[in-house]
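Throughout, protein chains are lettered first and strands after them, A, B, ... in sequence-line order, and every chain is numbered starting at 1.
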Amino acid sequence: MPANPKDETETQRSRRLILAAVRAVPRGQVAGYGEIARRAGLPGRARLVARVLSTGDEPGLPWHRVLRSDGRVAFPEGSPGYDEQVQRLRAEGVRIEAGKVRGQRAAATLDEMLWAPPEPKPKASRPAAAAGTRRRR
DNA sequence: ACGATGACAATGC
DNA sequence: TGCATTGCCATCG
């Protein structure tokens with residue numbers, strides 16, 4: 001480790017800030033890449049966040065709580081990383097359907113996260129159960 | 001030095 | 001919703 005914080009390069013500093021931001025995401029919560037970047041004081045560096053996570057070191061880092069801004073998992077559906085992430089999130093009680101988080105889009109800001117609007121829209125009940133949609137039992 | 005790549009995002013149609 | 005475009009920036013060949 002740098003004997004002196006002064007020896008730290010810009011890249012290293014960014015990395016450190018990003019890791020801290022990711023660790024700050026509470027269990028059962030999710031955040032977007034761009035969001036993490038902003039919280040880390042690096043607005044516009046979503047891609048950098050992705051790169052840092054892709055490195056995959058840092059044991060114990062809750063990388064699975066980081067999603068795309070639209071609430072979808074960043075990995076291609078079906079890939080090992082995808083399955084892994086979905087599983088971890090579900091283990092924390094996060095609802096996921098069709099590859100995207102339900103009931104809690106990656107909060108754009110901490111405020112939004114705290115405001116936590118109850119539910120965007122329960123959408124009433126399914127139009128239907130129209131004949132033929134019955135599921136097997 | 002240069003172009004391609006990538007766990008992305010915001011904007012426009 | 002979906003697709004294209006542009007911005008970003010560290011790495012890599």
Side-chain angles (χ1 to χ4, degrees):
Chain A
M1 19 207 3
N4 206 332
K6 298 288 188 183
D7 298 338
E8 187 181 49
T9 66
E10 262 306 300
T11 346
Q12 295 177 310
R13 188 180 70 92
S14 305
R15 180 192 167 73
R16 176 169 55 73
L17 293 171
I18 288 171
L19 290 174
V22 174
R23 277 189 279 259
V25 180
R27 185 176 176 295
Q29 287 288 325
V30 293
Y33 290 86
E35 192 43 42
I36 293 295
R38 273 181 297 193
R39 290 180 191 174
L42 302 168
R45 272 109 182 142
R47 260 179 140 144
L48 184 55
V49 173
R51 210 186 117 13
V52 170
L53 295 190
S54 69
T55 312
D57 26 24
E58 295 305 308
L61 187 75
W63 56 270
H64 54 281
R65 295 178 194 150
V66 186
L67 314 169
R68 284 193 177 170
S69 58
D70 61 0
R72 286 185 147 286
V73 172
F75 289 107
E77 191 171 340
S79 69
Y82 174 91
D83 295 328
E84 167 93 26
Q85 184 164 18
V86 170
Q87 204 170 333
R88 286 188 179 227
L89 286 174
R90 282 181 174 154
E92 295 188 354
V94 178
R95 278 187 51 177
I96 298 178
E97 274 180 46
K100 77 180 172 204
V101 177
R102 290 280 279 175
Q104 140 187 232
R105 50 187 189 265
T109 63
L110 271 185
D111 296 342
E112 187 177 325
M113 185 157 114
L114 297 175
W115 273 87
E119 276 288 308
K121 221 332 178 246
K123 236 6 184 261
S125 45
R126 285 253 119 284
T133 49
R134 75 174 188 296
R135 63 194 83 220
R136 357 196 308 80
R137 185 187 17 137

Pairs: protein N or O with nucleotides 2-8 of chain C N or O, under 3.5 Å:
residue: C:dG7; atom: O6; partner: A:Arg47; partner atom: NH1; Å: 3.2

Just so I know, are the side chains of [X] and [Y] near enough to count as touching, which here means a heavy-atom distance under 4.5 Å?
X       : Y       : value
A:Thr55 : A:Arg15 : yes
A:Arg27 : A:Arg65 : yes
A:Leu61 : A:Leu53 : yes
A:Val52 : A:Leu19 : yes
A:Trp63 : A:Arg88 : yes

Euclidean distance, atom [atom1] of residue [X] to atom [atom2] of [N] [Å, nearest integer]:
X       : N      : atom1 : atom2 : result
A:Leu17 : C:dA10 : CG    : C1'   : 16 Å
A:Arg68 : B:dG6  : CZ    : P     : 12 Å
A:Tyr33 : B:dA10 : OH    : P     : 14 Å
A:Leu42 : C:dC9  : CG    : C1'   : 11 Å
A:Glu35 : B:dA10 : CD    : C1'   : 14 Å
A:Ile18 : C:dC9  : CD1   : C1'   : 11 Å
A:Gln12 : C:dT11 : CD    : C1'   : 15 Å

Exercise for the section: Indicate the atoms forming the closest heavy-atom contact of A:Ala40 with A:Ala21, along with that distance. Expected result: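 So the two residues come closest at CB-CB, 4.0 Å.
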
Practice task
Describe the nucleic acid contact of A:Gly34 in one word from base, sugar-phosphate, nothing, applying a heavy-atom distance below 4.0 Å.
Solution key: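 Contact class for A:Gly34: sugar-phosphate only.
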
Practice task
Looking at every strand, decide which applies to A:Ser54 at a 4.0 Å heavy-atom threshold: base, sugar-phosphate, or nothing.
Solution key: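 A:Ser54: base contact, heavy atoms under 4.0 Å.
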
Closest approach to the side chain of [X], judged atom by atom: which nucleotide of [options] is it?
X       : options               : value
A:Arg38 : B:dA10, C:dT11, B:dC8 : B:dA10
A:Arg51 : C:dT11, B:dA9, B:dA7  : C:dT11
A:Ala74 : B:dA7, B:dA9, C:dA10  : B:dA7
A:Leu48 : C:dA10, B:dA7, B:dA9  : C:dA10
A:Ser69 : B:dA7, C:dA10, B:dA10 : B:dA10

What protein N or O atoms touch nucleotides 11-13 of chain B N or O atoms at under 3.5 angstrom, if any, and at what distances?
none

Handout entry: Distance (rounded to the nearest 0.5 Å) between A:Ile36 CD1 and A:Arg23 CZ
Key =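 So the gap between those two atoms works out to 11.5 Å.
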
Handout entry: Rounded distance (nearest 0.5 Å) linking atom NE2 of A:His64 with atom CD of A:Gln85
Key =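 It comes to 8.0 Å.
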
Handout entry: Heavy atoms of other groups near A:Glu92 CD, more than 12 under 6.0 Å
Key =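 For A:Glu92, atom CD is crowded (more than 12 foreign heavy atoms under 6.0 Å).
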
